[in-house]
Amino acid sequence: MASEDSLEQALAGGAPERVGWFRFYFADERWEWSEQVQILHGYEPGSVTPTTDLVLSHKHPDDRQQVAATLEDMRRTHRTFSTRHRIIDTRGDVHEVVVIGDQLLDDGGRLVGTHGFYVDMTPTDAQAKEMVSAALAEITENRAAIEQIKGMLMLIYRVDDETAFELLRWRSQETNVKLRVLAEQLLSDYRKVEYDENLPPRAAFDHLLLTAHQRIESSDDTVAS
C-alpha cells in the first residue's frame, strides 16, 4: 500500500546519528570507523585513524579492563561478541554504548576480522525523544512485528525502547531491507532459538541480528526505498 510505503520511508529515512559501524582486521590489527563512530568519539570525520591503543584510551577507566579482555578474547577466539560500557570523547563527555561484533569474511569466505556497530545510549534532547516517541506510537497499531521485535531487543540488550527502535532502523538501512520485513525475519529467527529455563548466550542473538537480511528472499516488497 502507498501509505505503508510512505510510513516506511519516513521511519527509515535519514541517517541514524546514534548508531555507527566498525571493522577490525586481524592480520594487521587495522580498525575502521564510520563517520558516526568518529563523531561519537569526538573527532571530525576523516581526521583520525583508529588504533587499538586509541580505542582503549577512550574507554572509561572503570570499564577499560573489561573492554581490553573482550578485545583479547575476540582476537583469540574470533567469536561474536557484545559489550556494554562507557567511553569518554575528546571533549570529556561520557557516553554509554553497546558494541556488538560478528565475524568478518572476505569475498572468498575466509575469516579476516570482525565487524559490527556501536549504539550510543546517551539520552538525546527532548525534541529528538518526542520525535522518536511519535514514530513509535504511529507504528504500534500498524507494525505489530516491529513492536514485538523491539521488545525482544530491549530484553536482549537491556536498552530502552527508543534505542531498540534506532538499532532496528539502522539495520534496515544498512541492509536495504524494509523495517517490517526485517522485523518479521528476526521474529521468525528468535522463535527458532532453543533454550530451557535460561536464555542462550547473547552471542546467539547478535549473530541472528547481524545476518537476518541474508535469510530474506529478494523481492520488490523486501527492498527498502
Side-chain angles (χ1 to χ4, degrees), residues 14-24 31-45 47-48 50-74 79-102 114-136 146-147 149-174 186 199 201-210:
E17 296 180 357
R18 299 173 63 190
V19 184
W21 57 261
F22 74 91
R23 298 188 187 97
F24 175 72
W31 291 85
E32 294 178 357
W33 281 350
S34 69
E35 289 189 359
Q36 290 89 348
V37 174
Q38 294 176 57
I39 293 170
L40 172 63
H41 287 79
Y43 297 102
E44 289 291 331
S47 67
V48 64
T51 63
T52 298
D53 287 341
L54 181 70
V55 169
L56 289 175
S57 73
H58 279 282
K59 306 307 177 186
H60 190 283
D62 293 342
D63 298 339
R64 193 171 297 151
Q65 185 174 357
Q66 166 215 331
V67 175
T70 299
L71 288 176
E72 180 58 31
D73 184 67
M74 176 189 70
R79 291 184 301 193
T80 299
F81 73 93
S82 62
T83 178
R84 179 170 178 164
H85 59 272
R86 291 160 293 176
I87 67 171
I88 302 175
D89 66 22
T90 57
R91 295 176 297 276
D93 295 331
V94 178
H95 301 260
E96 186 171 2
V97 299
V98 169
V99 182
I100 301 172
D102 196 12
T114 185
H115 69 140
F117 52 90
Y118 280 74
V119 182
D120 183 4
M121 297 176 56
T122 309
T124 59
D125 58 43
Q127 183 179 12
K129 284 182 177 291
E130 183 177 349
M131 291 175 62
V132 175
S133 296
L136 292 174
I146 294 176
E147 286 298 298
I149 199 62
K150 181 166 67 71
M152 290 183 178
L153 294 174
M154 290 168 64
L155 174 65
I156 294 167
Y157 297 111
R158 297 181 181 179
V159 298
D160 60 25
D161 57 354
E162 296 170 8
T163 303
F165 177 72
E166 188 79 353
L167 177 55
L168 182 63
R169 187 169 74 99
W170 180 76
R171 290 306 297 157
S172 170
Q173 285 189 290
E174 285 289 299
L186 282 168
L199 286 174
R202 194 161 63 182
F205 296 104
D206 298 341
H207 180 73
L208 291 174
L209 176 63
L210 292 170

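Computed from heavy atoms alone, side chains included, the values below leave out hydrogens, waters and symmetry copies. Numbers here are sequence positions counted from 1.
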side-chain contact (heavy atoms from CB on, under 4.5 Å) assessment of H60 paired with I87
CA-CA 5 Å; H60 190 283; I87 67 171; over 6 Å; no

Residues V37, F117; criterion side-chain contact (heavy atoms from CB on, under 4.5 Å); working and verdict:
CA-CA 9 Å; V37 174; F117 52 90; over 6 Å; no

Could you please spell out the steps behind the side-chain contact (heavy atoms from CB on, under 4.5 Å) verdict for I146 and F165?
CA-CA 8 Å; I146 294 176; F165 177 72; 4.3 Å; yes

Between L168 and L153, is the side-chain contact (heavy atoms from CB on, under 4.5 Å) condition met? List the steps.
CA-CA 9 Å; L168 182 63; L153 294 174; 4.3 Å; yes

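Surrounding CZ of R79 are at most 12 heavy atoms belonging to other residues, nucleotides or ligands under 6.0 Å away. Remark: E32 CD is packed, more than 12 non-hydrogen atoms of other residues, nucleotides or ligands lying under 6.0 Å away.
M154 contributes atom CE, which lies 12.5 Å from atom CD1 of I149 (distance to the nearest 0.5 angstrom). H85 contributes atom NE2, which lies 7.5 Å from atom CD of Q66 (distance to the nearest 0.5 angstrom). In this structure, W21 CH2 and E35 CD are separated by 9.5 Å, a value rounded to the nearest 0.5 Å. Atom CG in L210 sits 10.5 Å away from atom CD in E174 (nearest 0.5 Å). Annotation: the span from I88 atom CD1 to D93 atom CG amounts to 9.5 Å, rounded to 0.5 Å. Going from atom CG of D161 over to atom CD of E166 covers 12.0 Å, rounded to the nearest 0.5 Å.
When each of I100, T163, V119 is checked for a side-chain contact (heavy atoms from CB on, under 4.5 Å) with Y157, only I100 meets the rule.
Evaluation of the side chain to side chain donor-acceptor pair (under 3.5 Å) rule for D63 yields R86 as partners, not counting sequence neighbours. Annotation: side chain to side chain donor-acceptor pair (under 3.5 Å) contacts of R202 (sequence neighbours excluded): S82. L208 meets the side-chain contact (heavy atoms from CB on, under 4.5 Å) test with D189, Y190, V193, R215; sequence neighbours excluded.
Side-chain contact between D102 and D206 is absent, with no heavy atoms from C-beta onward closer than 4.5 Å. Side-chain contact between M74 and F24 is present, with at least one heavy-atom pair separated by less than 4.5 Å. Residues L167 and L209 have side chains in contact (heavy-atom distance under 4.5 Å, counting atoms from C-beta outward). Between L54 and W31, the closest side-chain pair of non-hydrogen atoms is not below 4.5 Å. Between T70 and V99, every side-chain heavy-atom pair lies at or beyond the 4.5 Å cut-off. Between E44 and V48, every side-chain heavy-atom pair lies at or beyond the 4.5 Å cut-off.
For H41 and Y118, the distance between ring centers is under 6.0 angstrom. Taking the six-membered ring for Trp and the full ring otherwise, the centers of W33 and F22 sit at least 6.0 Å from each other.
Checking Q38 against S47 by side-chain atom types alone, no donor-acceptor pair falls below 3.5 Å. Looking only at atom types and distance, the side chain of Y43 has a donor-acceptor partner in the side chain of H58 under 3.5 Å away.
Contact between D89 and R91 at its shortest, heavy atoms only, is OD1-N, 2.9 Å. S34 and G20 make their closest contact through OG-CA, 3.4 Å (heavy atoms, listed as atom of the first residue, atom of the second, distance). Scanning all heavy atoms of the two residues, the minimum distance from G42 to T90 falls at O-OG1, 2.8 Å.
Ion pairing of E147 with K150 is present here, as a side-chain N (NZ or NE/NH1/NH2) and a carboxylate O approach within less than 4.0 Å.
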